[in-house]
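Structure, as structure tokens:
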Amino acid sequence: MASNPLSGALEIVVRSDPGMMRRYNEDAVFANPALGLVILADGMGGYNAGEVASSMAITGISAALELDFFLHSPHAIGGAPGDLHVQRCLSRRIAATNTAIYQMSMNQPECAGMGTTLVMAMFHDNAVIAAHLGDSRLYCLRGDEFRQLTHDHSFVQDQVDRGLMTAADARLSRNRGLLTRALGVAAPDLRRYPARPDDIYLLCSDGLNDMLTDREIGKALRARSDNLELAAMQLIQMANDMGGRDNVSVILIKVLREFPVQ
């Protein structure tokens, strides 16, 4: 069997915290370094339905993809998987989980209306293949440039896009938690981004970026770029220091070397 091109290529740190105002944590996080897969979901719904939805998203998608790429080796279908094959696997598994969440929300009264955001990334062949729904985000720090790669599926982002609200007003809006798309009711955006050594990728729930500006997040990452454990702890502490109104979760991934598929 061919060696894993991701062996030693990625450093991954995963942290999740309930914040200062919530008794329960409805965020769910997952990482499989050998597969180059990271997933973050922020659940929503009454009672514990949000926790159910986010847990279903993480468990359903991760287990299915591990089955796709480990037990049913892509090498068995004629060589290493290309980007298109990976994207199709992601789309298929997300769609299946979307259906499962929707059916449970319809069939179990205590889960009515539940859903979850989703942001996930799969590192493959010197690239990041990302999928997302809702307002959980994916960022990239490359050198001194820190930028958001995903585009929020939210009411306030739609208002900003239409020129009806400024980004500053959106941060203060009471409607900033209203989503236009979520897992359980919609299909995700799927994008591919080239990855380079020393890139740092950040997946986060809105409990981080609602409390901190992009400038503050980027500054903290630059200062701790050589210590992802400390960076993750600091980001969560900063969010809590600013009020910690929501659960806050972060996944940090640093690209240590190239990972081409042979």
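For clarity, every value in this text was computed on a predicted model and none was experimentally measured. Positions are given from 1, in the same order as the sequence printed here.
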Evaluate the side-chain proximity of [Y] to [X]: yes if any heavy-atom separation is below 4.5 Å, no if none is.
X: Tyr102; Y: Met114; answer: no
X: Arg192; Y: Val128; answer: no
X: Leu40; Y: Val250; answer: no
X: Met120; Y: Ile94; answer: yes
X: Thr117; Y: Leu133; answer: no
X: Ile217; Y: Leu208; answer: yes
X: Asp125; Y: Phe259; answer: no
X: Leu179; Y: Asp135; answer: yes

Grouping I, L, V, M, F, W and Y whenever their side-chain heavy atoms are under 4.5 Å apart, do [X] and [Y] come out in a common cluster?
X: Ile61; Y: Val29; result: no
X: Leu37; Y: Leu10; result: no
X: Ile236; Y: Leu203; result: no
X: Ile200; Y: Val248; result: yes
X: Ile58; Y: Met122; result: yes

Task: Crowding at CZ, Arg257 (>12 non-hydrogen neighbours, <6.0 Å) - done: yes
Open item on the list: Atom CE of residue position Met165 - does it have more than 12 heavy atoms of other residues, nucleotides or ligands inside 6.0 Å?
Closed with: yes
Sequence-distant partners of [X], salt bridge (Lys or Arg N to Asp or Glu O under 4.0 Å), two or more places apart:
X: Asp158; answer: Arg162
X: Asp189; answer: Arg181
X: Arg176; answer: Asp210

Please name the pair of heavy atoms, one in [X] and one in [Y], separated by the smallest distance, quoted to 0.1 Å.
X: Thr150; Y: Ser136; answer: OG1-O, 4.1 Å
X: Ala231; Y: Leu252; answer: CB-CD1, 3.8 Å
X: Ala232; Y: Val13; answer: CB-CG1, 3.9 Å
X: Ser105; Y: Gly113; answer: CB-N, 4.1 Å
X: Arg196; Y: Tyr201; answer: N-OH, 4.5 Å
X: Val14; Y: Ala31; answer: CG2-CB, 3.6 Å

Could you list the residues that satisfy side-chain hydrogen bond (donor to acceptor under 3.5 Å, both in side chains) with [X], not counting sequence neighbours?
X: Ser205; value: Asp27
X: Arg245; value: none
X: Asn175; value: none
X: Asp152; value: Arg137, Gln148

Does [X] reach the main-chain N or O of [Y] with its side chain, forming a donor-acceptor pair under 3.5 Å?
X: Ser54; Y: Glu51; result: yes
X: Asp68; Y: Cys89; result: no
X: Arg224; Y: Gln234; result: no
X: Ser249; Y: Cys204; result: no

Considering residues at least two apart in sequence or located in another chain, which fulfil the side chain to side chain contact (heavy atoms under 4.5 Å, CB included) criterion with [X]?
X: Thr213; answer: Arg171, Arg215, Glu216
X: Ser91; answer: Leu190
X: Tyr193; answer: Ala130, Leu149, Arg191
X: Met20; answer: Asn240

TODO: Take Asp83 and Gln87 through the side-chain hydrogen bond (donor to acceptor under 3.5 Å, both in side chains) test and state the conclusion after the steps.
DONE: CA-CA 6 Å; Asp83 284 346; Gln87 291 183 43; 5.3 Å; no
Can you measure from [atom1] ([X]) to [atom2] ([Y]) and round to the nearest 0.5 angstrom?
X: Cys111; Y: Met56; atom1: SG; atom2: CE; value: 8.0 Å
X: Arg92; Y: Leu90; atom1: CZ; atom2: CG; value: 9.5 Å
X: Leu235; Y: Met211; atom1: CG; atom2: CE; value: 14.0 Å
X: Arg93; Y: Glu66; atom1: CZ; atom2: CD; value: 11.5 Å
X: Ser62; Y: Leu67; atom1: OG; atom2: CG; value: 11.0 Å
X: Asp42; Y: Asn247; atom1: CG; atom2: CG; value: 6.5 Å

- [ ] Dump the intermediate steps for side-chain contact (heavy atoms from CB on, under 4.5 Å) on Ile251 and Leu202, then the final yes or no.
- [x] CA-CA 6 Å; Ile251 302 177; Leu202 164 67; over 6 Å; no
Open item on the list: Quick one about Asp169 and Thr166 (side-chain donor to acceptor, distance below 3.5 Å, no hydrogens or angles considered), yes or no?
Closed with: yes
- [ ] Take the angle between the ring planes of Phe146 and Tyr139 and call it parallel below 30°, perpendicular above 60°, tilted in between.
- [x] parallel
- [ ] Assign the ring pair His132 / His153 to parallel, tilted or perpendicular, where the plane angle (0 to 90°) is split at 30° and 60°.
- [x] parallel
Open item on the list: Checking Val255 against Asp198 for the side-chain contact (heavy atoms from CB on, under 4.5 Å) test, could you report, in this order, the C-alpha distance in whole Å, the side-chain angles of both residues, the deciding distance, and whether it holds?
Closed with: CA-CA 5 Å; Val255 179; Asp198 297 322; over 6 Å; no
Open item on the list: Go through it in stages, so that I can follow the logic: the residues are Asn32 and Leu65, the test is side-chain contact (heavy atoms from CB on, under 4.5 Å), and I'd like the CA-CA distance, side-chain angles, deciding distance and then a yes or no.
Closed with: CA-CA 10 Å; Asn32 182 328; Leu65 288 174; over 6 Å; no
Open item on the list: Please evaluate residues Phe30 and Val38 with respect to the criterion side-chain contact (heavy atoms from CB on, under 4.5 Å), reporting the C-alpha separation (whole Å), side-chain torsions for both, the decisive distance (0.1 Å), and the verdict.
Closed with: CA-CA 6 Å; Phe30 172 87; Val38 290; over 6 Å; no
Task: Carboxylate-amine/guanidinium contact Lys254 Asp199, below 4.0 Å - done: no
Open item on the list: Once salt bridge (charged side-chain N to carboxylate O under 4.0 Å, His left out) is applied, what residue pairs with a partner in residues 11-22 remain, sequence neighbours excluded?
Closed with: Arg15-Glu229, Arg22-Asp246
